[in-house]
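Here is the structure we will look at.
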Amino acid sequence: MMQRLETIAALRAAVADLRAGGRTVGLVPTMGALHEGHMSLVGKARSHADVVVVSAFVNPTQFNDAHDYETYPRTPEADAQMLETAGVDILFTPAETEVYPEPDTRVFDLGSVADVMEGPRRPGHFNGVCQIVSKLFDYVQPDYAFFGEKDFQQIAVIRRMLEITGQKVEIVPCPIVREDDGLAKSSRNVRLSAQQRSIAPQIHSIMDRSKALKADMLPTDVRDLVVSQINTQPDLKVEYYDIVDGRTLLPIARWSDTDDPVGCITVYCGEVRLIDNIHY
């Protein structure tokens with residue numbers, strides 16, 4: 001039976017008990033409002049580790065928009081039911097005062113991976129991510145941690161954070177899970193109106209079709225074409241689309257500049273901010 005825990009002390013004790021005998025521990029950090037994308041992370045964790053811990057905590061320090069924090073969907077009972085069915089060992093759902101009994105003033109020197117794309121557009125976001133993830137790693141001491149590739153930049157940031165903290169955790173990236181029409185699964189999708197939900201799949205569709213242009217166009221030209229095509233769709237407005245090196249996240253001028261070109265996009269669909277990415 002899954003243990004539902006709310007305190008750090010209880011979490012540490014339960015993980016220690018389950019780890020006995022050399023069993024490995026996998027952590028899936030989430031903000032709740034779980035969907036099939038999250039459950040694919042849980043499935044990957046089950047195949048990698050003997051013990052699976054899932055955290056569900058809407059972390060205030062990574063939101064630079066108070067409205068976004070307030071409207072972030074919260075479905076605790078549905079989350080617990082899904083995780084119990086999936087065979088999770090521990091669900092950790094702390095109160096904000098448990099995680100932040102006092103303000104976390106740590107500032108992480110994340111360097112270039114946090115200076116591009118989401119970084120300048122969401123000041124403090126990645127520092128807040130590092131605050132909560134480093135805390136969770138400290139509480140659980142996992143062997144593995146599982147993150148979805150939809151948050152491609154976040155994975156690079158967390159790897160940089162591990163260099164700073166010295167914590168020994170293997171990061172396991174997991175493929176994007178999509179709806180049948182191609183829209184990347186996201187907790188934010190529930191905020192889309194029916195009209196917006198019908199248009200949102202164009203984001204991935206247009207990016208995916210742009211892969212065929214790689215042989216004849218420079219990355220910057222492909223980028224500009226994708227942006228213009230998405231912006232012609234009703235209710236869609238591109239905040240940015242960058243084609244970058246998959247490791248450094250720096251924009252590329254030529255396809256030969258990297259062996260892993262990745263297109264990373266953020267689009268407003270109405271007022272809902274959606275992210276996605278593709279590998280060229």
Side-chain angles (χ1 to χ4, degrees), residues 31 33 35 37 58-59 62-73 112-129 148-157 176-214 217-246 249-253 261-280:
M31 292 205 297
H35 51 68
V58 183
N59 175 45
Q62 70 190 68
F63 286 84
N64 59 324
D65 180 338
H67 177 71
D68 198 18
Y69 173 69
E70 290 162 6
T71 59
Y72 197 87
S112 62
V113 295
D115 290 339
V116 296
M117 298 190 297
E118 294 290 287
R121 295 170 175 89
R122 300 182 69 187
H125 167 69
F126 285 127
N127 197 73
V129 168
E149 286 191 330
K150 182 169 70 71
D151 297 298
F152 191 79
Q153 187 173 8
Q154 177 176 272
I155 293 173
V157 165
I176 297 172
V177 177
R178 299 186 181 278
E179 304 286 357
D180 291 342
D181 56 14
L183 179 64
K185 287 185 179 287
S186 170
S187 300
R188 299 174 191 269
N189 292 350
V190 298
R191 294 170 52 195
L192 298 172
S193 69
Q195 166 73 9
Q196 291 165 345
R197 177 62 188 81
S198 70
I199 294 295
Q202 287 298 318
I203 299 168
H204 177 252
S205 177
I206 290 169
M207 285 199 298
D208 193 50
R209 291 199 302 270
S210 77
K211 291 193 283 190
L213 305 173
K214 181 179 175 183
M217 297 175 67
L218 292 171
T220 50
D221 295 328
V222 173
R223 175 199 66 199
D224 292 346
L225 185 62
V226 166
V227 170
S228 66
Q229 289 183 351
I230 291 176
N231 282 344
T232 63
Q233 306 296 315
D235 274 341
L236 296 185
K237 178 65 176 175
V238 176
E239 185 173 19
Y240 68 84
Y241 184 47
D242 289 339
I243 299 177
V244 303
D245 178 281
L249 305 189
L250 296 176
I252 59 172
V262 182
C264 298
I265 200 164
T266 292
V267 181
Y268 277 95
C269 186
E271 295 184 354
V272 182
R273 193 172 187 269
L274 302 175
I275 64 173
D276 203 348
N277 61 78
I278 61 166
H279 290 260
Y280 279 92

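As a basis for the values below, the full set of heavy atoms in this structure was taken, side chains included, without hydrogen atoms, waters or symmetry mates. Along the sequence shown, residues carry numbers from 1.
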| task | Kindly indicate, with the supporting measurements, whether the criterion side-chain contact (heavy atoms from CB on, under 4.5 Å) is fulfilled by Gln202 and Leu236. | result | CA-CA 9 Å; Gln202 287 298 318; Leu236 296 185; 4.3 Å; yes
[atom1]/[X] to [atom2]/[Y] distance, rounded to the nearest 0.5 angstrom?
| X | Y | atom1 | atom2 | result |
| --- | --- | --- | --- | --- |
| Ser186 | Lys150 | OG | NZ | 4.0 Å |
| Met217 | Asp224 | CE | CG | 8.0 Å |
| Tyr268 | Gln196 | OH | CD | 13.5 Å |
| Leu213 | Leu218 | CG | CG | 11.5 Å |
| Leu192 | Cys269 | CG | SG | 5.0 Å |
| Met117 | Ile275 | CE | CD1 | 9.5 Å |

Should [X] and [Y] count as an ion pair when the cut-off is N to O under 4.0 Å?
| X | Y | answer |
| --- | --- | --- |
| Glu271 | Arg188 | no |
| Arg178 | Asp276 | yes |
| Arg197 | Asp235 | no |

Identify the heavy atoms of [X] and [Y] that sit nearest to each other, and give their distance.
| X | Y | answer |
| --- | --- | --- |
| Gly148 | Ile155 | O-CD1, 3.7 Å |
| Pro219 | Ile252 | CB-O, 3.8 Å |
| Lys214 | Pro261 | NZ-CG, 4.1 Å |
| Ala33 | Pro73 | CB-O, 3.4 Å |

Flag side-chain contact, heavy atom, 4.5 Å: [X] against [Y]:
| X | Y | answer |
| --- | --- | --- |
| Val244 | Leu250 | no |
| Ser228 | Val238 | no |
| His35 | Ser187 | yes |
| Asn189 | Leu274 | yes |
| Pro234 | Ile199 | yes |
| Leu225 | Asp221 | no |

| Can you check whether Val116's main-chain N or O pairs, donor with acceptor, with Gln153's side chain at less than 3.5 Å? |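 Answer holds: yes.
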| query | Is it true that a side-chain atom of Asp151 and a backbone atom of Gln154 form a donor plus acceptor pair closer than 3.5 Å? | reply |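 Such a contact is absent between Asp151 side chain and Gln154 backbone.
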| request: Name the orientation class of the two ring planes belonging to Tyr280 and Tyr241 (parallel below 30°, tilted from 30 to 60°, perpendicular beyond 60°). | output: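 If you compare the ring of Tyr280 with that of Tyr241, the planes turn out tilted.
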| field | Heavy atoms from other residues, nucleotides or ligands near NZ of Lys237 exceed 12 (cutoff 6.0 Å) | value |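 Atom NZ in Lys237 is not crowded, with 12 or fewer foreign heavy atoms closer than 6.0 Å.
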| Pick from Asn277, Asp242, Ile230, Ile243: which one makes a side chain to side chain contact (heavy atoms under 4.5 Å, CB included) with Ile265? |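 Of the listed options, the one satisfying the test is Ile230.
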| Evaluation steps, side-chain contact (heavy atoms from CB on, under 4.5 Å), between Arg121 and Arg273 | CA-CA 12 Å; Arg121 295 170 175 89; Arg273 193 172 187 269; 4.2 Å; yes
| task | Mind running ring pair (Phe, Tyr, Trp, His ring centres under 6.0 Å) on Phe152 and His279 for me, showing each step along the way? | result | CA-CA 11 Å; Phe152 191 79; His279 290 260; 5.7 Å; yes
| Test side-chain contact (heavy atoms from CB on, under 4.5 Å) applied to Ser210 and Ile278, step by step | CA-CA 10 Å; Ser210 77; Ile278 61 166; 4.3 Å; yes
| said: Could you walk me through whether Arg122 and Glu239 satisfy the salt bridge (charged side-chain N to carboxylate O under 4.0 Å, His left out) test, starting with their C-alpha distance in whole Å, then the side-chain angles of each, then the deciding distance to 0.1 Å, before giving a yes or no? | reply: CA-CA 12 Å; Arg122 300 182 69 187; Glu239 185 173 19; over 6 Å; no
| Any side-chain donor near an acceptor of the partner, Arg209 and Ser205, under 3.5 Å |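 Yes, a side-chain donor-acceptor pair sits under 3.5 Å.
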| message | Do Tyr240 and Glu118 pair up side chain to side chain, a donor and an acceptor below 3.5 Å, judged on atom types alone? | response |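 The answer is yes; a qualifying pair exists.
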| task | Just do the side-chain contact (heavy atoms from CB on, under 4.5 Å) check on Gln233 and Ile206 with the steps written out, would you? | result | CA-CA 11 Å; Gln233 306 296 315; Ile206 290 169; 4.3 Å; yes
